Amino acid sequence: MKNQKYVWNIVLVLAITVIALYFALKDNFNTIVHAILSMNILSLLVVLFWGALFTIVWGFVYVVLGRKYIPKYSIKDGIAVAFVGSFFAGITPSSTGGQFGQVYIMKKQGIKVSDSASILWADFIIYQTTMMIYVTILFILRYAYYRSQSGWFRIIFLGYLINLAVIIVLYTIALFPKVYIRLTGKLAKFMGRFKFIKDPDHIVDSWTIQVTQFTKEAKALSQDKRRIILCTLINLVRLTLLYSLPFAIALALHIQIPMSKLLDVIALSSFVIIANSFIPIPGASGGTEVVFTLLFRGLMGSLTGAVMILWRFSTYHVVVFIGAFIFIIMRSYYDRQAKKEVS
């Protein structure tokens with residue numbers, strides 16, 4: 001049943017991607033196709049595998065966090081976890097499936113499920129904090145300028161506020177866990193009266209366990225400053241690679257864009273990612289392409305569609321394909337190992 005759901009999600013992603021590509025290509029089809037076909041082969045390969053590069057960088061976060069539990073946890077294993085997470089996040093609504101796939105792989109690698117959960121919490125907290133600090137700086141530097149040019153930036157600002165709220169909630173949960181547990185208890189009982197939820201007590205018990213676990217992990221992480229610093233630096237590299245990719249694509253397509261516009265490209269890229277908060281479709285398909293085209297049209301002109309296509313294939317399709325390949329290979333390997341142990 002689960003596999004069937006994943007297949008339908010992939011079909012949905014492909015269908016929406018085709019529709020988005022149609023609207024991106026319909027006005028400048030010949031120009032866009034000619035620009036992409038005219039690219040230097042080496043430049044095209046670099047651009048297409050740029051997304052794989054920042055996913056590899058993400059894998060080093062898992063190496064740093066994984067070595068807390070397995071001192072000899074390998075770089076190869078950490079990178080595999082990153083790609084598997086990207087694959088499952090890319091084919092499930094709102095990226096909800098990524099962590100389940102990662103827990104499965106880490107368990108096979110010898111990390112206990114409880115420790116895997118700790119690693120994923122730590123990764124999430126550090127990444128979200130680093131991203132919000134990074135994007136906040138970009139907002140301060142460039143948001144006012146772009147907002148004056150387009151009303152779309154109000155939506156992006158709302159996405160920014162949602163991400164900021166997530167960070168605030170996470171930190172306040174860690175500081176005041178009992179407050180959130182009490183609030184959840186009252187809310188669950190209130191909703192239970194109107195039959196919105198069938199078993200309020202189960203909801204409260206489950207939430208209490210999760211909050212307690214999260215608080216424990218947050219406190220433990222706060223004492224491990226070396227790992228926090230290392231993971232923060234890795235995430236800074238990862239985010240810079242992600243946000244600067246459209247600039248590299250523009251250069252590869254021979255779009256006349258000065259180096260002074262690099263900060264604008266990084267800012268606009270971060271705004272596109274922030275806008276994804278509103279798109280619950282697997283891979284944020286459709287909306288991501290539209291937002292990218294709207295925001296970058298002023299910088300990239302008639303070749304915006306070409307930049308968007310290459311950017312999207314690099315950051316999403318290529319990464320998901322590699323992640324799927326790695327997951328299939330690893331599952332097959334671990335299944336064979338399990339059969340050998342049984343025999």
Side-chain angles (χ1 to χ4, degrees), residues 17 20-58 131 134-135 137-139 141-150 152-153 156 159 236-276 283-321:
T17 299
L21 287 175
Y22 168 76
F23 284 104
L25 290 167
K26 67 183 181 71
D27 295 326
N28 297 298
F29 180 81
N30 291 331
T31 303
I32 290 170
V33 172
H34 180 264
I36 294 174
L37 293 178
S38 300
M39 283 180 68
N40 177 280
I41 294 296
L42 181 59
S43 298
L44 180 61
L45 290 174
V46 169
V47 162
L48 288 178
F49 286 95
W50 193 293
L53 177 61
F54 69 70
T55 307
I56 289 170
V57 171
W58 180 23
M131 183 189 73
Y134 199 129
V135 174
I137 293 169
L138 293 172
F139 258 69
L141 293 173
R142 303 308 293 161
Y143 178 76
Y145 170 72
Y146 281 108
R147 183 184 175 184
S148 66
Q149 296 187 12
S150 173
W152 286 98
F153 280 86
I156 290 164
L236 285 172
V237 173
R238 174 189 169 196
L239 288 168
T240 302
L241 283 169
L242 173 61
Y243 296 154
S244 62
L245 175 55
F247 191 85
I249 295 172
L251 295 179
L253 289 169
H254 304 294
I255 297 172
Q256 298 302 312
I257 182 167
M259 188 61 69
S260 59
K261 290 293 182 181
L262 177 59
L263 181 62
D264 290 280
V265 171
I266 289 174
L268 289 172
S269 296
S270 73
F271 299 162
V272 172
I273 303 301
I274 284 291
N276 286 352
S285 299
T288 301
E289 291 86 349
V290 170
V291 173
F292 185 96
T293 303
L294 287 169
L295 297 189
F296 276 96
R297 188 173 289 154
L299 274 178
M300 308 296 184
S302 62
L303 290 179
T304 304
V307 177
M308 183 275 290
I309 289 167
L310 292 170
W311 172 80
R312 187 61 169 153
F313 268 88
S314 178
T315 58
Y316 177 69
H317 296 93
V318 171
V319 174
V320 167
F321 176 79

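Since this is a predicted model, take the numbers as computed values, not measurements.
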S.K.: Does G51 offer a backbone N or O that forms a donor-acceptor pair with the side chain of T315 under 3.5 Å?
M.R.: no

S.K.: Taking the side chain as every heavy atom from C-beta outward, state whether F247 and S269 have any pair of such atoms under 4.5 Å apart.
M.R.: no

S.K.: Once you round to the nearest 0.5 Å, how far does CG of L241 lie from CG of L236?
M.R.: 11.0 Å

S.K.: Restricting to non-hydrogen atoms, name the atom on I274 and the atom on I156 that form the minimum distance, rounded to 0.1 Å.
M.R.: CG2-O, 3.4 Å

S.K.: Output the distance between atom CZ (F271) and atom CG (L295), rounded to the nearest 0.5 Å.
M.R.: 8.5 Å

S.K.: Do the non-hydrogen side-chain atoms of F296 and V265 ever get within less than 4.5 Å of each other?
M.R.: yes

S.K.: How long is the span from the CG atom in L253 to the CE atom in M300, to the nearest 0.5 Å?
M.R.: 9.0 Å

S.K.: Might you point out which heavy atoms bring M131 and L239 nearest each other, and give the distance in Å?
M.R.: CA-CD1, 3.7 Å

S.K.: Taking all heavy atoms of R238 and all of W58, pick out the closest pair and write down the distance.
M.R.: NH1-CD1, 3.3 Å

S.K.: Working to the nearest 0.5 angstrom, can you tell me the gap between I257 CD1 and I249 CD1?
M.R.: 11.5 Å

S.K.: Looking at every non-hydrogen atom in both residues, tell me the closest pair between A252 and V47 and how far apart they are.
M.R.: CB-CG2, 4.2 Å

S.K.: Working to the nearest 0.5 Å, report the span between CG of L242 and CD1 of I273.
M.R.: 5.0 Å

S.K.: Show which side-chain atoms of residues 303-311 pair as donor or acceptor with protein atoms under 3.5 Å away, not counting sequence neighbours.
M.R.:
unit_1: T304; atom_1: OG1; unit_2: G301; atom_2: N; d: 3.4
unit_1: T304; atom_1: OG1; unit_2: G301; atom_2: O; d: 2.6

S.K.: Does anything in residues 35-56 form a ring-ring contact (aromatic ring centres under 6.0 Å, His included)? List the pairs, not counting sequence neighbours.
M.R.: none

S.K.: Tell me the closest heavy-atom pair linking L262 and S244, and the distance in Å.
M.R.: CD1-CB, 4.3 Å

S.K.: If you round to the nearest 0.5 Å, how far is CZ of R312 from CG of L245?
M.R.: 12.5 Å

S.K.: Name all residues meeting the side-chain hydrogen bond (donor to acceptor under 3.5 Å, both in side chains) criterion together with T240; count only those two or more places apart in sequence or in a different chain, and write none if there are none.
M.R.: Y134

